[in-house]
2 protein chains.
Amino acid sequence: MDTKDILKNKINAGRQRMTTQRLIILDELKKVTSHPSAYEVYRMVQRKIANVSFGTVYRNLRLLEDLGLVQELNYGKKFSRYDGNTDNHYHISCEKCERMDDIPISIWKRLNKNTSNATGYEVKAHRIEFYGLCPKCQGEKRG
Amino acid sequence: MDTKDILKNKINAGRQRMTTQRLIILDELKKVTSHPSAYEVYRMVQRKIANVSFGTVYRNLRLLEDLGLVQELNYGKKFSRYDGNTDNHYHISCEKCERMDDIPISIWKRLNKNTSNATGYEVKAHRIEFYGLCPKCQGEKRG
DNA sequence: GTATTTGCAAATACTTTGCAAAACC
DNA sequence: GGTTTTGCAAAGTATTTGCAAATAC
């Protein structure tokens with residue numbers, strides 16, 4: 001199933017409509033693993049639709065997140081970054097170059113249960129972010 | 001060692017100065033476990049210094065964080081919340097009432113090492129936030 | 001044809017900053 | 001006394017929103 005069908009399926013459940021902007025935003029986001037900011041997504045989309053507006057990008061990123069097609073990564077930084085991969089996974093970011101990579105989540109499946117036992121909360125979800133130096137930056141002088 | 005001495009010790013290492021505002025901000029933050037926002041800290045400090053300014057609160061929260069006396073919790077929300085407890089611990093927040101509680105970190109000490117092995121990063125730190133319903137909200141209708 | 005979505009620009013909301021006066025050491 | 005810090009207000013920055021025109025179904 002290609003991106004367009006995935007989007008159509010989600011959209012038809014509500015009363016949203018399929019638009020070029022919407023599709024291209026999702027499409028571009030699914031193409032990369034760089035976890036771009038809203039501005040970077042905007043620049044990517046601009047190459048396809050010259051006069052797209054920033055507001056449209058923001059509105060659609062939010063909509064796509066509500067539809068469960070995109071993940072907003074917004075912890076600890078001034079601005080959010082977005083991820084077209086909604087499989088369960090964690091992220092690790094380099095403190096020097098801000099590169100972000102994915103980590104499969106499977107290793108720590110029991111975190112929610114452990115936390116529920118420890119706190120009495122009904123735990124719905126959790127987010128983890130790791131910080132450090134990526135392999136490339138480890139060899140270089142600290143900036 | 002009381003809060004004033006803790007602050008003095010940290011401050012004397014640099015060329016900062018001890019001020020009433022600085023001390024009261026730290027003092028108020030260390031008194032509570034509610035993880036207040038900058039605005040809430042401002043209101044708390046206002047009760048002690050009527051004409052304290054918002055800018056001073058922000059500046060000092062940042063300074064106190066740089067000194068390692070305060071933790072800024074800023075992931076996933078529009079505004080940061082602050083924690084006067086800098087012992088290693090995670091947080092869990094209620095999706096309904098926004099209450100935040102602490103979780104001791106000891107259970108998952110090996111996370112950094114596991115992640116380093118999995119990604120090749122030199123892992124310096126990590127942050128986890130859990131989401132769910134606190135015991136009080138579990139029984140109530142969903143809002 | 002009618003409701004949704006877009007582009008544009010202005011508005012929001014949290015946080016930061018410039019500056020003269022005040023406080024600290 | 002000289003440097004840091006404060007209060008105030010204005011600026012900054014990421015994001016959201018109002019509205020008329022355009023688009024989707």
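Quick note on labels: first sequence line is chain A, next is B, and so on, each numbered from 1. Note: hydrogens, waters and symmetry copies are ignored here, and every other heavy atom, side chains too, is used.
Here the nucleotide nearest the side chain of B/Arg59, chosen from C/dC8, C/dT15, C/dG18, is C/dG18. For A/Arg62, taking side-chain heavy atoms from C-beta onward, the closest of the listed nucleotides D/dT16, D/dT6, D/dC25 is D/dT16. The nucleotide whose nearest atom lies closest to any side-chain atom of B/Gln16 is, among D/dT23, C/dG7, D/dT5, D/dT5.
Straight-line distance from the CD1 atom of A/Ile11 to the P atom of C/dT4: 13 Å, rounded to whole Å. Atom-to-atom, CG of B/Leu7 to P of D/dT5 comes out at 11 Å; the value is rounded to the nearest Å. Protein atom CG of A/Asn74 is 14 Å distant from nucleotide atom C1' of C/dC14, rounded to whole Å. Spacing between atom CZ of B/Arg17 and atom P of D/dT4 amounts to 6 Å, rounded to whole angstrom units. The distance between atom CG of A/Leu73 and atom P of D/dT15, rounded to the nearest whole Å, is 12 Å. Whole-Å rounding puts the A/Leu23 CG to C/dT5 P distance at 14 Å. Atom-to-atom, NZ of B/Lys78 to C1' of C/dA11 comes out at 13 Å; the value is rounded to the nearest Å. With rounding to whole Å, A/Glu40 atom CD is found 14 Å from D/dA14 atom C1'.
Across every strand in view, D/dT17 sits in a pair with C/dA9 that passes the Watson-Crick or G-U test at under 3.5 angstrom.
To the nearest 0.5 Å, the span separating CD1 on B/Ile6 from CG on B/Asp27 amounts to 9.5 Å.
Between the B/Glu40 side chain and the B/Ser37 main chain, a donor and an acceptor come within less than 3.5 Å of each other. Between the side chain of A/Asn60 and the main chain of A/Leu63, no donor-acceptor pair closer than 3.5 Å is present.
At C/dT6, one or more side-chain N or O atoms of A/Thr19 fall inside 4.0 Å of OP1 or OP2 (strictly under the cut-off). Between A/Gln21 and C/dG7 there is a side-chain polar atom (N or O) within less than 4.0 angstrom of OP1 or OP2. Taking 4.0 angstrom as the limit, A/Thr56 places a side-chain polar atom (N or O) nearer than this to OP1 or OP2 of C/dG7. Between A/Arg22 and C/dT5, a side-chain N or O to OP1/OP2 separation shorter than 4.0 Å is present. Contact annotation: A/Asn60 side-chain N/O to C/dT6 OP1/OP2 distance is under 4.0 Å. Under 4.0 angstrom from either OP1 or OP2 of D/dT15 there lies at least one side-chain N or O belonging to A/Ser80.
Using a 4.0 Å heavy-atom cutoff across all strands shown, B/Thr20 reaches sugar-phosphate atoms only and no base atom. Note on B/Tyr58: a base of the nucleic acid sits closer than 4.0 angstrom, heavy atoms only.
For the pair A/Met18 and B/Phe54, both in contact range of DNA chain C, the more 5′-proximal nearest nucleotide belongs to A/Met18. When the nearest nucleotides of DNA chain D are assigned to B/Asn51 and B/Arg15 by heavy-atom distance, the more 5′-ward of the two goes with B/Arg15.
Relative ring orientation between A/Phe54 and A/Tyr58 is described as parallel, the plane-to-plane angle staying below 30° on a 0-90° scale split at 30° and 60°.
Under the 4.5 Å side-chain heavy-atom criterion for ILVMFWY residues, no single connected hydrophobic cluster contains both A/Leu29 and A/Phe79.
Nearest heavy atoms, A/Arg22 versus A/Gln16: NH1-CB, 3.7 Å.
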